[in-house]
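Below: one structure, written as structure tokens.
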Amino acid sequence: DAMVIQNPRYQVTQFGKPVTLSCSQTLNHNVMYWYQQKSSQAPKLLFHYYDKDFNNEADTPDNFQSRRPNTSFCFLDIRSPGLGDAAMYLCATSRDGQGYGQPQHFGDGTRLSIL
Amino acid sequence: RKEVEQDPGPFNVPEGATVAFNCTYSNSASQSFFWYRQDCRKEPKLLMSVYSSGNEDGRFTAQLNRASQYISLLIRDSKLSDSATYLCVVTSYSGAGSYQLTFGKGTKLSVIP
């Protein structure tokens with residue numbers, strides 16, 4: 001059974017039209033992450049939540065926002081998607097922060113296309 | 001020097017071959033190390049953690065060399081199903097109580113019948 005679930009698997013949106021990607025987890029992990037991965041590149045961390053504490057990466061554009069209303073759910077909001085935002089978006093969880101040396105568990109990803 | 005560096009490949013090997021990947025990291029204070037595999041257009045999946053003493057899981061062996069700052073992954077008796085991109089992942093302390101997890105770009109393996 002999937003433990004980190006992302007919806008939808010594929011999302012098509014128009015240039016500039018806001019879009020929300022969702023992630024849920026059944027692992028009861030404290031930390032949830034959002035990554036952006038483009039073709040033949042490493043996943044790039046956008047931000048993460050440790051419980052309710054939001055941690056933004058310095059180079060994450062303001063266009064990207066996130067919400068975590070409860071332990072199980074985390075959302076990625078792209079306010080005005082540009083063509084350069086077309087990518088695979090990966091949600092991941094870990095029980096505790098990276099300082100504890102724990103691996104991350106990934107969802108299937110949402111592939112975002114911009115028209 | 002990139003933080004985590006891998007040979008992108010592709011490595012094309014026949015079934016049954018043994019293949020080894022290396023990954024170098026620049027931060028000497030790096031703490032945790034992992035190998036993930038990622039199939040085309042799929043999510044990364046944890047293959048194995050890498051421990052200081054080295055560890056083995058079936059046909060897969062991972063080694064850590066802290067002095068030379070690299071980790072390796074050895075795959076014995078390659079199967080067609082091993083074809084994937086193998087991502088090296090390193091956790092490092094980034095200051096102020098924060099830790100950073102850094103992915104390499106991955107090494108692509110194709111196992112040929």
Side-chain angles (χ1 to χ4, degrees), chain A residues 2-7 9-10 21 23 25 27 29-50 53-60 86-113, chain B residues 2-10 23-27 29-52 55 57 62 64 66 71 84-109:
Chain A
M3 295 175 287
V4 182
I5 303 160
Q6 291 189 242
N7 283 302
R9 289 294 307 279
Y10 301 92
L21 311 182
C23 177
Q25 54 131 340
L27 297 163
H29 281 176
N30 290 317
V31 194
M32 294 186 77
Y33 309 80
W34 278 105
Y35 288 88
Q36 179 193 67
Q37 187 178 25
K38 296 185 177 181
S39 181
S40 301
Q41 295 186 19
K44 179 181 181 299
L45 181 64
L46 297 173
F47 24 58
H48 73 276
Y49 273 94
Y50 193 117
D53 292 332
F54 177 70
N55 297 272
N56 198 30
E57 294 298 302
D59 56 354
T60 298
M88 171 81 94
Y89 289 87
L90 295 161
C91 174
T93 74
S94 64
R95 192 180 69 205
D96 291 299
Q98 291 310 299
Y100 294 90
Q102 295 166 358
Q104 296 183 5
H105 302 265
F106 285 84
D108 289 344
T110 294
R111 186 165 294 279
L112 178 66
S113 299
Chain B
K2 295 178 183 175
E3 289 188 53
V4 177
E5 200 155 1
Q6 297 182 248
D7 183 340
C23 166
T24 58
Y25 59 93
S26 60
N27 187 340
S30 295
Q31 295 190 312
S32 305
F33 308 88
F34 308 94
W35 283 104
Y36 281 75
R37 74 169 275 168
Q38 186 171 26
D39 293 286
C40 188
R41 302 175 75 87
K42 296 288 186 77
E43 79 279 17
K45 291 185 179 177
L46 179 67
L47 181 64
M48 55 200 307
S49 302
V50 187
Y51 304 119
S52 296
N55 47 303
D57 182 2
L64 167 63
R66 285 191 183 271
I71 66 173
T85 296
Y86 290 83
L87 299 167
C88 169
V89 181
V90 175
T91 300
S92 308
Y93 182 62
S94 54
S98 296
Y99 292 81
Q100 180 179 6
L101 187 142
T102 304
F103 284 80
K105 286 190 175 182
T107 297
K108 186 173 181 181
L109 171 67

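So you know, we letter chains A, B, ... as the sequences are listed, proteins then strands, and number each from 1.
- With A:N55 contributing its side chain and A:D53 its backbone, the two residues share a donor-acceptor pair below 3.5 Å.
- Neither the backbone nor the side chain of A:L45 comes within contact range of chain B; no heavy atoms are under 4.5 Å apart.
- Contact annotation for A:Q6: neither backbone nor side-chain heavy atoms come within less than 4.5 Å of a heavy atom of chain B.
- Screening residues 30-45 of chain A for salt bridge (Lys or Arg N to Asp or Glu O under 4.0 Å), with sequence neighbours left out, gives A:K44-A:D59.
- Summarising the geometry of B:D7 relative to B:G9, their closest heavy-atom pair is OD1-N, 2.9 Å, with the distance given to 0.1 Å.
- For a residue to count as touching a neighbouring chain, one of its non-hydrogen atoms must lie under 4.5 Å from one of that chain's; by this rule B:F33 does not touch chain A.
- For the set A:R111, A:M88, A:Q41, the count of heavy-atom pairs under 4.5 angstrom toward chain B peaks at A:R111.
- The side-chain contact (heavy atoms from CB on, under 4.5 Å) check on B:T107 picks up B:Q6, B:F11, B:F21, with sequence neighbours excluded.
- For the set B:K42, B:R41, B:K45, the entry with the most heavy-atom pairs within less than 4.5 Å of chain A is B:R41.
- Proximity to chain B is absent for every atom of A:Y50, based on heavy atoms less than 4.5 angstrom apart.
- Under the 30°/60° scheme for interplanar angles, the aromatic rings of A:F106 and B:Y36 are found to stand perpendicular.
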